[in-house]
Amino acid sequence: MEDPEAQPGEDPVIKPLNLDHHFAESPAESVTKVAKPGKSSEAAKPKVSAPANSTRKRSDTRNGSELSSGFARSTVSSSLRSSNSVAVTRRNSTGGLSEKSSASTARQQNNTSSIAGKKPSTLLATESVRRSLPELIGSSLSSSATKLTPRANLSETRKSVPVSPVGRSLSTSTASGTSIQKTLRKSTVKPSSSASSSLKKISSSSLDSTASSASKKTISKVSSPITRSPTVSSGLRSGSLSSSLDRSSNLSGRKKAATPESRDSHFIVLPQVEIKAGDDVRLDLRGHRVRNLNAGGLNLSPNLEFVYLRDNLLSTLEGVEILTRVKVLDLSFNDFKGPGFEPLANCKALQQLYLAGNQITSLISLPQLPNLEFLSVAQNKLKSLAMASQPRLQVLAASKNRISTLKGFPYLPVLEHLRVEENPILKMPHLEAASILLVGPTLKKFNDRDLSRDELALAKRYLTHTALCIRDGWEFSRPEHAADSTFRFLFEQWKDHFPPGYLLKEASIDKPFEEDACRCHIVFVQESTLSIDSDIILKYKWFLGERTLSNFTAIPDVNGEVYWPKHEDINKILKVECIPVLGETEYPSIFAISSPVARGNGIPKVVNLEVHGELVEGNVIKGHAKVAWCGGTPGKGVASWLRKRWNSSPVVIAGAEDEEYQLTLDDIDSSLVFMYTPVTEEGAKGEPQYKYTDFVKAAAPSVNNVRIVGDAVEGNVIRGVGNYFGGREGPSKFEWLRENKETGDFLIVTSGTPEYTLTKEDVGRRLAFVYIPINFEGQEGESVSIVSGTVRQAPPKVTNVKIIGDLRENSKITVTGAVMGGTDGSSRVQWFKTNSSTLNGENELEAMSTSKVAKAFRIPLGAVGCYIVAKYTPMTPNGESGESVYVITERVVETLPPSLNFLSITGDYSEGGILTASYGYIGGQEGKSIYNWYLHEVENDMGTLIHEVSGLLQYRVTKDAIGKFISFQCIPVRDDGIVGEPRTCLGQERIRPGSPRLLALQIVGDAVEGTILSVEKNYWGGEEGDSVFRWFQTSSDGSQCEIRGASGSSYMPTVDDIGFFISVSCEPVRNDWARGPIVLSEQIGPIVAGPPTCQSLEFLGSIMEGQRLSFIASYIGGERGDCLHEWFRLKANGIKEKLSSDEFIDLTLDDVGRSIELVYTPIRKDGIKGNSRSIISDEISPADPVGLALVIPDCHQNQEIVPLKTYFGGQEGVGKYTWHRTKTKPNGLVLTDISSSSEDVMCGQTFTYTPSLEDVGAYLVLQWLPTRVDGQSGKPLVAISSSAVIPAPPAVSSVHVKQLTSGIYSGEGEYSGGYEGSSLFSWYRETSDGTIILINGANYKTYEVTDADYNSRLLFGFR
């Protein structure tokens, strides 16, 4: 196998660089570990090849400045572009090297080759490729800036880099999620090579490299670029570090000049050469200036799996289609411009594709590659990422392009890393959130950073279909505006295909939950301006897709507005397509997309409840519940039936606890309620739901088991019966038919009764009974008939005759008997009275009635005291009579006390209605009965007598009766004066108020501004509530407008109403808020201006010295002019002193104890003056005594101190002053602190103070207690002298000489001027001729006379 460093154009094996060490160490510590003393790097200066300017830029860091690499902020790129770089024609991956390579370089390559050759190579190439992608994904796709070491130390560090072994596993930084891969080799390179390597460190970053092979190599502990750090020092041994982005070109010997942008390898992801693969599957032709893949000698074959063709001159992909098994294809830094990627469609096994550093402007022709996991298109000229969907793409690196839009962003369902640094689209707000929406939940890193929590949270606030809108070119906006914005965006796309005359109002889907109804809302509205003959029809089709909004598959047999998501649909997306159909034309579909299907909560709920079956008596109805089990196991719900009659609550039907129920007679005219509670197998209960049916109808009337009951004997009563069915039986029809002996036909005899008394005509014939069922509503059913046997003959006879009833006056009595051979209906009865208790023949009886068929009789008043006799004569219908039977009562008829047999009140129970009392009197002849009407608050109280209607049977309801009950009491009175028991009838309801209305409405008052206009009305209709008033202003031309704010029962016209008419409307409102018709009053006016008047005048402010006093005046009388307001001070002698004409005055000491008068003269705009109005204040009270300022001037010994003070608060009285002396300046101490100090002494209690000798050098403190003349004191004020007491100038007086003893004298004098210091004393000798001579050495206060002093005077000097 070839040694990668022994052959030009190949990269060495790139091992992962352990970032755990780099993030644990500071950049300075890393340099310290690798830097050792060595040779100076001066020799490297003159031998730097093409990129000399860039190298010089790095060497400038010797003075301590730092160079930022072009990683996160592209600072290196900008700095390199600003330098005087050599002009180049195309980009490459290395930045170029000199053609000559040193011998030491070759030696190092050989050494490295020999070391690498000793390592076993057992891993298959395919395993390495597969392993490289997760390593790349785990690595960070961005790098940080690199701090370069000073040039003086660069060579030294390269010469002695300690080497340490590194294992095969990758090291992943927990801080940034990056894994940087590098390999360092022990080799020595000439200074030119060293400088080039230094430059390549800037242009190539390991953070964009792919994964390396797993063969074990050693690396140096070189400081890694730390994420987002602008400067990181990296000490490298000369020629020891080869970047994972491209190392082959620095050994290729080609003279390729580098452009600044080609060095930003931070954004360019380049692969590593897979050295473990054999030559039969690997092709490495980097930097061979290949122009055409079809050229001879390239040896392209279908067996190749690793193809490295970067840094060539390829401009077309023709010929690449032969690589059907290629897994890694590196086409970076060629001349591709695109499109023209169609040949890649043959590369189905391709996993990693590198297209960085070309001139590609579009990826639209890039085909779908089913196994592509990594794609690098960095440093091209792409304006968008529009391409075919890549189902397995995990990494997309597209930095340093011209991407300015997300329109056409492909579906990448498993993408984890997305990089778009240094593109214009970075200016787009919240680009990361938009990318999260486009990619979906698989995205882990954006621009080599973990996803921001804020951006993730922001992305969740967007609707699901937002990603589709972004792909179609929607301008990304804030989530609070996105819903409306995306709908408008889709609307604009669809609007040209809407059915004519219709517009789309809504297109949305409810939040879907597992096994719960999910409804779509597609709403078209008809434009009002167009007339459309046919209605629009909507056809629906539901689809299920992934969260990336791709791979939507149709859901079979779901074509309605509702879909029930299944358990397997959880976390998937629902899509509904709606095809509008108008007439025979189908229009293009529109769609709506849901949020992901959420897991159900396991609590079932009833979605729809129906009752099947005809609601007819006797039928069986069945309740059917459609249940959303919401993730629970379907179980058996609890069903029950309730019956609800009109205007009542539902009542449970006993025993009806199944889903089926048979309707009975009791259900007719009732609504049934089917109650269903869903219960899962796990026992979770949902909310019970109710379904009300319509009212149950009765079945069609019918009858069965019709038969005739009774003996068919003349005179007997037979009865036709049957079992009726079909609701409540109404007036069913019954017919009796008699057989015609001659023809055998049956002719109707009677109808309307099920009973029939057999007559003579029936004898020898059969009777037919016909039962015609009729329900309560009058519906007639099918008739059923039955035929009796032949009727036998019997004579008319009556037995068991009785008189039943109460034997009292006016009572009804009835005679009964059993008639045989005739009919009771044909038999006759006559009533008699007698004074005897026994029957002695009809001659002694007095008839009271004629013979009648009627069997009942009401006892007249004349029968009182007599016995009642009834004569019963049985008869056949044909008039044949039997023997009459008499029956007599056991006792005489009794008279009754006066009483009432009924009492009622009829009429209108509302205000103004008329109620009429009716009664029935019994108990002899009625006299003058007593009538009274009462009002009751509640039904059972005593009531209040209505005197006005006593003795009347009618009562017109008044307002006082509203809300109360009415009762009528009647006391029956017989004509003989006997009084019966009173009887009272209570009205059926409370008296209702009448409808509120106004009987009259007018305005009372003068039409003058400022006068109050009142409403005078006559209200009727219950207790008046808050009636609504509205005042109106009407101009002379009749235009009317409402006066704002005028809503009371009175109104005062203002200046705005002058010249207008005023009217008022009133809407009567009862106290229960019932309203009546609005009434408008007649107008009053026009309103004339009133005299200028001050309605009210009051002071505003505090009546105290130092306060500002103003006023509030209310003016009426036309348009207000310049009113006068004058302020006066009232003196004790009654003289007023004018103070001001301003709108306010400030109260001063002169005002204390006096009153202030304000005279306000209203003046209209036309100059007319009104009467002045004045107010006088209370006496102005003095303010609280306050010391505003207290200052102690400079203090001098023996000079009187007069403090400067400012007093406020009435007339000042005699304040209290206290002087203190303190050795140290108190710094604002209050008096309590001063007096408690042992060093401070009180030295005076007068206003002024003369410092003495004791005060010299001390500070003086003055406490002043301000006191008003009335003795009230304020808060004390303390002043401190600014400096210590200054002593007086030193002086002496009363100087004289005093003889102490014989020959000894003492000089005396009085010293003043502070404390005496070292005063100077001198003695003089005055000779007789007046000469004064200083006596040397005599400088004490005492002096002893010497011989020289004789005959001379002694003089004493004190200084």
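Along the sequence shown, the residues carry numbers beginning at 1.
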Looking at T984, L900, V979, which hits side-chain contact (heavy atoms from CB on, under 4.5 Å) with I971?
V979

Under 3.5 Å, is there a donor on one side chain and an acceptor on the other for S910 and D908?
yes

Begin from the C-alpha positions of L737 and V770 and carry the test side chain to side chain contact (heavy atoms under 4.5 Å, CB included) through to its verdict.
CA-CA 8 Å; L737 295 92; V770 180; 3.2 Å; yes

Please find the pair of heavy atoms, one from P898 and one from Y921, that lie closest to each other, and give the distance.
CB-OH, 3.3 Å

Pairwise side-chain contact, K741 with R766, heavy-atom cut-off 4.5 Å (strictly under):
no

When you check the side-chain N and O atoms of T664 and D667, is any donor under 3.5 Å from an acceptor?
yes

Exercise: do D762 and Y756 side chains pair donor with acceptor under 3.5 Å
yes

Can you sort out the partners of Y919 under ring-ring contact (aromatic ring centres under 6.0 Å, His included), two or more places apart, ordered by chain and number?
Y931

Find out whether V1028 and C1066 are in side-chain contact, i.e. whether some heavy atom of one side chain is under 4.5 Å from a heavy atom of the other.
no

Any donor-acceptor pair under 3.5 Å from S788 side chain to L767 backbone:
yes

Report, as yes or no, whether the 6.0 Å neighbourhood of atom NZ on K697 holds more than 12 heavy atoms from other residues, nucleotides or ligands.
no

Any sub-3.5 Å donor-acceptor pair from T814's side-chain atoms to I804's backbone N or O?
no

Before accepting this row, confirm whether a basic side-chain N of the pair K871/E842 lies closer than 4.0 Å to the acidic partner's carboxylate O.
yes

Go through the side-chain N and O atoms of R645 and S670 and say whether any donor and acceptor fall under 3.5 Å apart.
yes

Do NZ/NE/NH1/NH2 and the carboxylate oxygens of E809 and R858 come within less than 4.0 Å?
no

Going from OH on Y934 to OG on S950, what distance comes out if it is rounded to the nearest 0.5 angstrom?
7.5 Å

Between T757 and T823, does any side-chain donor sit less than 3.5 Å from a side-chain acceptor?
no

Applying side chain to side chain donor-acceptor pair (under 3.5 Å) as the test, list every pair that has at least one member in residues 746-755; sequence neighbours left out.
R719-E755

Do side-chain atoms of S671 reach the backbone of T693 as a donor and acceptor pair under 3.5 angstrom?
yes

If every non-hydrogen atom of L665 is compared with every non-hydrogen atom of G727, which pair is closest and at what distance?
CD1-C, 3.4 Å

For the rings on Y771 and F734, is their centre-to-centre separation under 6.0 Å?
yes

Tell me if a side-chain donor or acceptor on S881 pairs with a main-chain N or O of P874 at a distance below 3.5 Å.
no

Student check: side-chain heavy atoms of I621 and F674 closer than 4.5 Å:
no

Taking the side chain as every heavy atom from C-beta outward, state whether P796 and M875 have any pair of such atoms under 4.5 Å apart.
no

Should K959 and E911 count as side-chain neighbours, where that means a heavy-atom distance under 4.5 Å?
yes

Audit row: R728, D669, salt bridge (charged side-chain N to carboxylate O under 4.0 Å, His left out) steps and yes/no
CA-CA 10 Å; R728 296 181 181 85; D669 295 331; 3.5 Å; yes

Using a cut-off of 6.0 Å, state whether more than 12 heavy atoms not belonging to Q662 lie near its atom CD.
yes

Below 4.0 angstrom, N of the basic side chain to O of the carboxylate: do E1067 and R1075 qualify?
yes

Contact between W933 and I905 at the side-chain level, heavy atoms closer than 4.5 Å - yes or no?
yes

Does CD in Q1002 sit with more than 12 non-hydrogen atoms of other residues, nucleotides or ligands closer than 6.0 Å?
yes

Residue E890 excluded, over 12 heavy atoms near CD under 6.0 Å
no

Can you check whether A699's main-chain N or O pairs, donor with acceptor, with E617's side chain at less than 3.5 Å?
yes

Smallest separation among heavy atoms of L861 and V864, with atom names
O-CG2, 3.1 Å

D694, CG atom: more than 12 neighbouring heavy atoms under 6.0 Å:
no

For I1078 and S1065, work out which heavy atoms get closest and say how close.
CG2-CB, 4.0 Å

Check step by step if side chain to side chain contact (heavy atoms under 4.5 Å, CB included) holds for V706 and F769.
CA-CA 9 Å; V706 177; F769 173 69; 3.8 Å; yes

Heavy-atom donor-acceptor pair, T889 side chain to I868 backbone, under 3.5 Å:
yes

Under 3.5 Å: donor-acceptor pair, side chain of H936, backbone of F965:
no

Surrounding CG of D1026 (heavy atoms of other residues, nucleotides or ligands, distance under 6.0 Å), is the total greater than 12?
no

Any Lys/Arg nitrogen of E780 or K733 sitting under 4.0 Å from an Asp/Glu carboxylate oxygen of the other?
yes

Could you tell me whether E937 and K964 have a side-chain N and a carboxylate O separated by less than 4.0 Å?
yes

Side chain to side chain, W736 and I708, heavy atoms closer than 4.5 Å
yes

Testing the basics here: between Y661 and A656, what is the closest heavy-atom pair and its distance to 0.1 Å?
CD1-CB, 3.7 Å

Which is it for V819 and Y872 under the side chain to side chain contact (heavy atoms under 4.5 Å, CB included) test, yes or no, and what are the steps along the way?
CA-CA 10 Å; V819 178; Y872 196 115; 3.3 Å; yes

Go through the side-chain N and O atoms of T834 and S836 and say whether any donor and acceptor fall under 3.5 Å apart.
no

Which heavy-atom pair separates I946 from L935 by the least distance, and what is that distance?
CD1-CG, 3.5 Å

Give a yes or no on whether a salt bridge exists between D806 and K812, defined as a side-chain N under 4.0 angstrom from a carboxylate O.
no

Spell out, as yes or no, whether a donor-acceptor pair under 3.5 Å connects the side chain of S929 to the backbone of V973.
yes

For D658, does its backbone N or O pair with a side-chain atom of W641 as donor and acceptor, under 3.5 Å?
yes

For the pair I718 and D711, evaluate side chain to side chain contact (heavy atoms under 4.5 Å, CB included) and give the outcome as yes or no after the intermediate values.
CA-CA 7 Å; I718 58 177; D711 292 334; 5.9 Å; no

Is there a donor-acceptor contact under 3.5 Å from the side chain of K855 to the main chain of V853?
yes

Would you call R765 and V791 a side-chain contact if the rule is heavy atoms closer than 4.5 Å?
no

